[in-house]
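The next block holds one structure in the form of structure tokens; read it before the comments.
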Amino acid sequence: MWTCVLALLSAALVYTYLGAFSYYLADDYCEAVRVTESSPIKAVIERYSIGAWRAANRYSNLLLVGIGESFGKNNMPISIISMIVLWFCGLTWIVHELRNFFKLDWAFQTDLFGGLMFGFFSFLQAPSLFQTIYWRSAMMTHFAPLVFGSFLFAFLIKQARPSGDKPLPLSVYLFILIATFFIAGFSEPPITTALTAQFLLMPAIWIWDKTSTKQKRLALLAWTLAGTFLGLLAMLLSPASAGVAREKTLNIIELLMNSFLFSFQFIVDSLKAQPLPTFLSVLIPLMLIWLYRQVKTSELTQEQKRAVWTAIIVIPFFAWILIAAGFSPSVYGQNFPVERARFLARTVSIAAFMLEGSLFGLLLGHVQLKPNRALGQWVVAAVIAVIAIVYPLRTAFNIYRFDIPEYRERAEWWHLREDYIIRHAGMGEEEIVIPGYSGIYQVKELDDDPNHWVNRCAARYYGVNSIRTVSMTDETFLREYLNE
């Protein structure tokens, strides 16, 4: 298991290392200007109250950008790397708390294995990894809420553990309320997804939870629901949302139909485009839980088997509903969600596949491989080891061989160009002309039009009147031009 963990950790490290080559693109310039020309809190209030800027109803992402800018010159890679590390830590904590919640007797390295495996598959299958993770503006909108949400989810599981009738202190509920409200302010998809999940879980706990901690779990869910709903109200009541509402007419039937249709298409396309990762995300948990059940002699009761089968049937529909809920803001605002807005749907689908595999592993736990039981267990363990070692290592090698050189070269050119801008701005030049590069992964670069919104934000960021690009194709001349 430790060998498998190290293999997954190697893939996680190369994904993290890619963050070292992140730099300003498109909206990053505008957001950096807003939080540095005033305090981050003031920038959030101004953007929210004026409502004329893009995504002005969101309040947490710009605040986090302001915190990131306080890290100084290298704030971009520091922010990206920190969020990736926190993602893997949060997922590991979730697995650890689930193990304690269900009173499973396995070692901590298995917690690490589960968290790293989920994080690995989420990055491997990301619809647009660069946009979602390595472009800060989108990362703060679509990835950051999942990172903080993973920690909150693990905290909720910890508090919901059976602990007799001892009530939780008010401070715990207030923390949940504030944390949920903060997470809701990053973007709309996490809000609609969380609200849908909470509305589905509330009656489920009320009907099927027969333990003494039922009231505590309902209270935890109620405070979580309250924080999410307050976040939704804060977005809906903003001037930006009012302006959008005046421009669009809401057809709730069409919205629901398209959301569920797009969700179904996303699931089908994912199965067709990435069959191997999908299959492995089911197979590995199945074999792992089967192996765990082999050393646990207790059989599942008939009631437990019925509950497992019910969960197996319900989980795909639950995931479909959650993905549709996450898609609904994009369906209302535009159409099919852009790639970076599908990352949440990807994590929901991966979680559903891994849960399905785990539940089938429970049901098959009594099945023994013949003729030698011990040999069969070793064969399954060997298959898990081969998959969990070779697959991440192959991915890590490909990233090291192809992606890292590309990211490094692009970052080198960007820093050369920035040094040129700063140098000439320091010499008193107000109209800066720089080499132009094409955009990367559909993210806009600086334009040859000095009045383009990206150029205007970049000019404000560097303190000059204007910046425009010109085409330069000869690499030697280009490097000499920038280095002078």
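For the numbers below, each heavy atom of this structure counts, side chains included, while hydrogens, waters and symmetry mates do not. Only a predicted model underlies this, so the values are computations on that prediction, with no experimental measurement involved.
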N/O donor-acceptor pairs under 3.5 Å from side chains in residues 113-121, not counting sequence neighbours:
none

>> Counting only heavy atoms from other residues, nucleotides and ligands, does the tally under 6.0 Å from CZ of F279 exceed 12?
In response: no
>> Can you tell me which residue among L63, L64, L62 is in a side chain to side chain contact (heavy atoms under 4.5 Å, CB included) with P40?
In response: L63
> So with a 6.0 Å cut-off around OH of Y400, is the heavy-atom count from everything else above 12?
Replying inline: no
> Are the side chain of Y292 and the backbone N or O of D105 linked by a donor-acceptor pair below 3.5 Å?
Replying inline: yes
> Within the distance-only criterion (no hydrogens, no angle test), does the side chain of K214 pair as donor or acceptor with the backbone N or O of W206 below 3.5 angstrom?
Replying inline: yes
> What residue among Y134, F130, W135 forms ring pair (Phe, Tyr, Trp, His ring centres under 6.0 Å) with Y441?
Replying inline: F130
>> Assess the residue pair F155 and F175 against the criterion (ring pair (Phe, Tyr, Trp, His ring centres under 6.0 Å)); give the C-alpha distance rounded to whole Å, side-chain angles, the decisive distance to 0.1 Å, and a yes or no.
In response: CA-CA 10 Å; F155 180 77; F175 169 78; 5.2 Å; yes
> Does W290 reach the main-chain N or O of L364 with its side chain, forming a donor-acceptor pair under 3.5 Å?
Replying inline: yes
> Which of these passes ring pair (Phe, Tyr, Trp, His ring centres under 6.0 Å) with F262: W320, Y332, F336?
Replying inline: F336
> Counting only heavy atoms not in E445, do more than 12 fall under 6.0 Å of its CD?
Replying inline: yes
>> Check the orientation of W413 and Y437. Use parallel for under 30°, tilted for 30 to 60°, and perpendicular for over 60°.
In response: tilted
> Does W2 CH2 have over 12 foreign heavy atoms under 6.0 Å away?
Replying inline: yes
> Do any N or O atoms from the side chain of R47 and from the backbone of R58 form a donor-acceptor pair under 3.5 angstrom?
Replying inline: yes
> Of K216, R217, Q215, which is the lone residue that meets side-chain hydrogen bond (donor to acceptor under 3.5 Å, both in side chains) with T213?
Replying inline: R217
> Is there a donor-acceptor pair under 3.5 Å between the side chain of D269 and the backbone N or O of F266?
Replying inline: no
> Under the 3.5 angstrom rule, does the side chain of R340 hit a backbone N or O of S128 as a donor-acceptor pair?
Replying inline: no
> Is it the case that more than 12 heavy atoms not belonging to Y391 sit under 6.0 Å from its OH atom?
Replying inline: yes
>> Can you confirm whether L261 is buried at CG, in the sense that more than 12 heavy atoms of other residues, nucleotides or ligands lie under 6.0 Å from that atom?
In response: yes
> If every non-hydrogen atom of P189 is compared with every non-hydrogen atom of P329, which pair is closest and at what distance?
Replying inline: N-CG, 4.0 Å
> Between T132 and L129, is there a donor-acceptor pair closer than 3.5 Å when you use the side chain of the first and the backbone of the second?
Replying inline: no
>> Go through it in stages, so that I can follow the logic: the residues are M354 and I350, the test is side-chain contact (heavy atoms from CB on, under 4.5 Å), and I'd like the CA-CA distance, side-chain angles, deciding distance and then a yes or no.
In response: CA-CA 6 Å; M354 293 181 67; I350 293 171; 3.9 Å; yes
> Are the aromatic rings of Y59 and F181 close, with centres under 6.0 Å apart?
Replying inline: yes
> Does a donor on one side chain sit under 3.5 Å from an acceptor on the other, for T228 and Q198?
Replying inline: yes
> Could E418 and K73 be called an ion pair, given the rule that one side-chain N must be under 4.0 Å from one carboxylate O?
Replying inline: no
> Minimum heavy-atom separation for P277 to Q125, with atom names?
Replying inline: CB-CD, 3.6 Å
> Counting only heavy atoms not in F101, do more than 12 fall under 6.0 Å of its CZ?
Replying inline: yes
> How far does CZ of F229 sit from CG of L225, to the nearest 0.5 angstrom?
Replying inline: 8.0 Å
Identify every side-chain donor-acceptor pair in residues 87-96 under 3.5 Å, counting partners at least two apart or on other chains, and give the distances.
from, atom 1, to, atom 2, distance (Å)
W87, NE1, S122, OG, 3.3
T92, OG1, F88, O, 2.9
W93, NE1, E97, OE2, 2.8
H96, ND1, R99, NH2, 3.4
H96, ND1, D111, OD2, 2.8
H96, NE2, N100, ND2, 3.2

